[in-house]
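One structure is given below, encoded as structure tokens.
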Amino acid sequence: MRAFPVVVVVMVMTLAAPTVAAQKVELSIDASKPGAKIDRNIFGQFAEHLGHGIYEGIWVGPDSKIPNTRGIRNDVVGALKAIKVPNIRWPGGCFADEYHWRKSIGPQRTVTLNPNWGGVTEANTFGTHEFMDFVDQIGADAYVSVNVGSGTPQEASEWLEYMTTNQPTTLEKERVANGHPAPYKVALLGIGNESWDCGGNMTPDYYVSQMKIYSRFVRNFNPAQQDKQQMLKIAVGPGGDGPRWTDWTETVMKAYQQHTWSWDINGLSMHNYTVGHWPPSYASVGFGETEYSQILKFTLETDGLITRHSAIMDKYDPEKKVALFVDEWGGWYAPLPGSNPGFLVQQNSLRDAILAALNLNIFARHADRVRGANIAQMINVLQAMIITDKEKMVLTPTYYVFKMYVPFQDATFVPVTFDAGWYTHGDAALPRVDAIAAKDANGKFWLEITNVDPHQGAEVELNVIGMNAKSASGETLTAPKVDSVNTFEVPNAVVPKPISARAQGGKLILQLEPKSVTVVSVEQ
Ligand code: AHR
């Protein structure tokens, strides 16, 4: 009974919170200065054999009551098709350096262990054929990471021969016998994963000697991938800031500069999680403004990290032939209470949607060098697009950001200028708004604006230089609280809603909600 008046006071305060006037932001897009192409591969996904990322999240088996096509969930495939996933990185992660492909092909699968992630058994029922079927159903490219840590160049080169040759070798015949006569396409090849740590704790020099061997011998034989659509080889790159990581980038890029005809790399990977502190301790739900502003402050450090490693790459590769692939990124928080800590289960809130938008914008601004990125991880693990529980599936706020950003895939970056102003909370001072613009293949302009401020809306006055913009329309994503989430019970708490603007006095005025992500196309 005593708590009652307190509850009433809190409710009244919440309802009566003063409306803060929208901040005016003048924003102009200069259509006459197109930049680099925003490679669709920056919208890539990552699916590791970890927790329920693969088993239950993708694979339920052909005998499951959950509607599936050859064992792969139809609801998940439908949702991923809608966000036009460009590529999926698989089978890990740390798992990749303990993965032996032969154990998961053919009618008899070997049951192994997954010591990295919960020490559970690995049924190996989802292997090469199932993964390729999955990417095929979605319309994505395969990004396969080979085992450098506990495998051999021979094992990896035989895997590629098994997958890609159309010549009548014994391995090709085995693939045909296992149900796939046509050679598979492997668009991207990861040469190990975090070889500086879970991938074998190698020094940069040791890794470089391995990288050269794998680059030389792990060949793609698919006839369709010889001249065009060649497989890109991605080397292990840095995992953070500071001398350990700049030294790693220096060593790999210096080797690249001196490379001979016999080996090559096309990309350098970077792993960059927004954690705050190790071990991950920030809550993924049930947090307030302090945790919101802190996590976003940490995530904005990604820009400096990319700038510093890009500068090293520029030194050895001024023509930017080697792409930077941020092939693991996202928020990594404390495991949800009651979950297996090895399964990396967390909720996904409006904060994650904003985090995703800020990172995608950073990648787009570095589009000349960042030509690939894979959010970790696609389903049920870390900053997921999709959460499942048996037959149930829910789409996360992050999923909707990826959906809203589809028009930016392969669009041309166009500079946008604005005075963001500042949102401050505690020791966090963040640009209040963030924005990117791009022109798609049909000549249409797209604008993304993130309003980071959780209290104040933004009145955006949009001027498109060189264009008589008459209207803008698209979608905006927000929710009542920074930690609002979609659940199986309430799946539509954080979903995009339509937004539009008309010209007033030669300018377009867009009214943005606090803590929101907005994507509009501009019509003339
Ligand atoms: O995504 C989870 C893990 O994070 C990956 O397996 C590893 O590469 C990274 O440390």
Side-chain angles (χ1 to χ4, degrees), residues 44-55 57-58 87-99 112-120 122 126 131 143-151 188-202 207 234-241 244-245 248 267-282 284 298-299 302 305 324-336 339-346 348 352 355-356 359 372-387 396 398:
Q45 299 285 332
F46 173 37
E48 179 167 14
H49 287 242
L50 193 174
H52 296 303
I54 302 278
Y55 299 105
I58 299 170
N87 74 77
I88 300 175
R89 180 171 179 257
W90 173 85
C94 298
F95 181 82
D97 281 299
E98 291 191 286
Y99 182 63
T112 55
L113 290 172
N114 191 340
N116 280 298
W117 304 119
V120 293
E122 163 60 53
F126 189 90
F131 172 67
Y143 179 177
V144 174
S145 287
V146 293
N147 181 344
V148 172
S150 68
L188 296 148
L189 182 87
I191 305 178
N193 170 76
E194 298 193 353
S195 304
W196 29 261
D197 235 334
C198 72
N201 225 293
M202 301 172 194
Y207 175 72
I234 315 297
V236 168
D241 230 344
R244 180 183 177 204
W245 304 114
W248 186 282
L268 182 74
S269 121
M270 171 189 272
H271 288 183
N272 177 45
Y273 286 99
T274 301
V275 189
H277 315 281
W278 290 100
S281 55
Y282 276 77
S284 60
F298 296 134
T299 219
T302 302
L305 185 70
L324 190 60
F325 261 69
V326 190
D327 58 11
E328 286 188 28
W329 69 274
W332 187 331
Y333 312 123
L336 277 187
S339 68
N340 182 335
F343 284 9
L344 311 187
V345 179
Q346 60 189 45
N348 195 295
D352 293 298
L355 184 154
N359 278 276
N374 299 75
I375 190 166
Q377 298 194 4
M378 192 162 60
I379 304 162
N380 292 333
V381 177
L382 298 177
Q383 190 174 343
M385 307 300 107
I386 295 174
I387 298 174
T396 67
T398 303

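Since this is a predicted model, take the numbers as computed values, not measurements. Order of listing sets the numbers, starting from 1, for every ligand and every atom in it. Because only heavy atoms are used, hydrogens play no part in the values below, and waters and symmetry mates are left out as well, while side chains stay in.
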ask   = Counting both backbone and side chain atoms, is some N or O of A376 under 3.5 Å from an N or O of ligand 1?
value = no
query = Do any N/O atoms on W332 end up under 3.5 angstrom from N/O atoms on ligand 1?
reply = no
key: Y207 and W248 aromatic centres sub-6.0 Å   = yes
ask   = For ligand 1, is there an atom lying under 4.0 Å from some heavy atom of F95?
value = no
message = Using a 4.0 Å heavy-atom cut-off, which part of D197 comes near ligand 1: side chain, backbone, both, or neither?
response = neither
inquiry  = As a check for students: among E328, R89, Q383, H49, identify the option with a heavy atom nearest to atom 7 (C) of ligand 1.
reply    = E328
key: Under 4.0 Å to a heavy atom of E48 - the qualifying atoms of ligand 1, by number   = 1 (O), 2 (C), 5 (C), 6 (O)
ask   = Among protein heavy atoms, which sits nearest to atom 10 (O) of ligand 1, and what does the distance come to when rounded to 0.1 Å?
value = E194 OE1, 2.8 Å
ask   = Do the side-chain N and O atoms of H271 and D327 include a donor-acceptor pair separated by under 3.5 angstrom?
value = yes
query = In terms of side-chain heavy atoms, does T398 have a donor or acceptor partner in Q383 at a distance below 3.5 Å?
reply = yes
ask   = Counting only heavy atoms, which portion of N116 has something under 4.0 Å from ligand 1: side chain, backbone, both, or neither?
value = neither
Partners meeting side chain to side chain contact (heavy atoms under 4.5 Å, CB included) with N87 (sequence neighbours left out) = N41, D141, Y143, L188, N374
inquiry  = Among E328, E48, Q377, which residue satisfies the side-chain hydrogen bond (donor to acceptor under 3.5 Å, both in side chains) criterion with R89?
reply    = E328
request  = Identify, with sequence neighbours excluded, every residue that meets side chain to side chain donor-acceptor pair (under 3.5 Å) alongside S339.
outcome  = none
query = Considering only heavy atoms of F46, which atoms of ligand 1 have at least one such atom less than 4.0 Å away?
reply = 1 (O)
task = Do me a favour and list the nearest non-hydrogen protein atom to atom 1 (O) of ligand 1 with residue, atom name and distance?
result = Y273 OH, 2.7 Å
